[in-house]
**Student:** 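Once you've had a glance at the structure underneath, I'll fire off some questions.
Along the sequence shown, residues carry numbers from 1.
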Amino acid sequence: AYTYGDKTIRVTPRNVVCQWTSDATTYKLYESITVSMTVTSGSWYIKDLYGFGYYGSVNDPRVYVWISVEQPISGAGVDHAYLIVYKAGTLVAKIDLTTGSFVYGSPPFDLSPKEAFQLDLDISILNTGTNPVTYSFKVGFYVSQQSAEAPR
């Protein structure tokens, strides 16, 4: 996605932790994503920055998802940066990307077959003028069929 002039947002999935094929389509679950973006001063709201769902059948068990900030946002001038997580249009989490703390919600977050998470980004940048600055962060995902099986 473009942010300023020819500047873009890049979302890079990291290592595949599992994959499966259903109806001739191969699905992959990634351990994390790294986001890099170039923006200028101001407030930015990036809807549908990333999303992932559970492509199981209705008879498959519910899974539990933990989301963690593995690398906080870096770069000068960040007033605030939040990763906002929705499921079926309902807010389930708001995570401060500067500290990794949850402003709203608490993991794990349940996900049933045919459900998905939408991840949005709310970021405000101060005092960079019209010069674009590049920011990055990394968010990890951990999925389990056990709600008590938190990542270490």
**Student:** Just by distance, no angles: are the side chains of Tyr86 and Asp120 close enough, under 3.5 Å, to form a donor-acceptor pair?
**Tutor:** no

**Student:** What is the distance from atom CZ of Phe102 to atom CD1 of Ile95, rounded to the nearest 0.5 Å?
**Tutor:** 4.0 Å

**Student:** If you look at every heavy atom in Val65 and Pro107, which pair is closest and at what distance?
**Tutor:** O-CB, 4.3 Å

**Student:** Rounded to the nearest 0.5 Å, what separates atom CG in Asp60 from atom CD in Gln145?
**Tutor:** 8.0 Å

**Student:** Please give me the minimum heavy-atom distance between Phe117 and Val92, naming the atom from each residue.
**Tutor:** CE2-CG2, 4.2 Å

**Student:** So, using side-chain contact (heavy atoms from CB on, under 4.5 Å) as the criterion, who are the partners of Thr12 when residues are at least two apart?
**Tutor:** Arg14

**Student:** Using ring pair (Phe, Tyr, Trp, His ring centres under 6.0 Å) as the criterion, list what pairs up with Phe141, not counting sequence neighbours.
**Tutor:** Phe52

**Student:** Once you round to the nearest 0.5 Å, how far does OG1 of Thr34 lie from CD of Gln71?
**Tutor:** 6.5 Å

**Student:** For a quick test of reading the model, state the closest non-hydrogen atom pair linking Glu70 to Ser32 and the distance between them.
**Tutor:** OE1-CB, 4.1 Å

**Student:** For the hydrophobic clusters of this structure (ILVMFWY residues joined by side-chain heavy atoms under 4.5 Å, transitively), does one cluster hold both Tyr45 and Tyr104?
**Tutor:** yes

**Student:** Where is the tightest heavy-atom contact between Gln146 and Ser144, given as atom of each residue plus distance?
**Tutor:** N-OG, 3.0 Å

**Student:** What heavy-atom pair brings Tyr54 and Pro61 nearest, and what distance separates the two atoms?
**Tutor:** OH-O, 2.7 Å

**Student:** Please list all pairs meeting salt bridge (Lys or Arg N to Asp or Glu O under 4.0 Å) that have one or both residues in residues 88-111, counting only residues at least two apart or in different chains.
**Tutor:** Arg62-Asp110, Lys87-Asp110

**Student:** Return all side-chain donor-acceptor pairs below 3.5 angstrom for residues 75-85, not counting sequence neighbours, or 'none' if the list is empty.
**Tutor:**
residue	atom	partner	partner atom	Å
His80	NE2	Asp122	OD1	3.1

**Student:** In the hydrophobic clustering (ILVMFWY, side-chain contacts below 4.5 Å, transitive), which residues join Tyr64, or is it alone?
**Tutor:** Trp66, Tyr142

**Student:** Looking at every heavy atom in both Ser124 and Ser43, which two are closest together, and how far apart are they?
**Tutor:** OG-OG, 3.6 Å

**Student:** Where the side chain of Thr99 meets the backbone of Ser101, is there a donor-acceptor pair that is under 3.5 Å apart?
**Tutor:** yes

**Student:** Who are the side-chain contact (heavy atoms from CB on, under 4.5 Å) partners of Ser36, not counting sequence neighbours?
**Tutor:** Thr134, Ser136

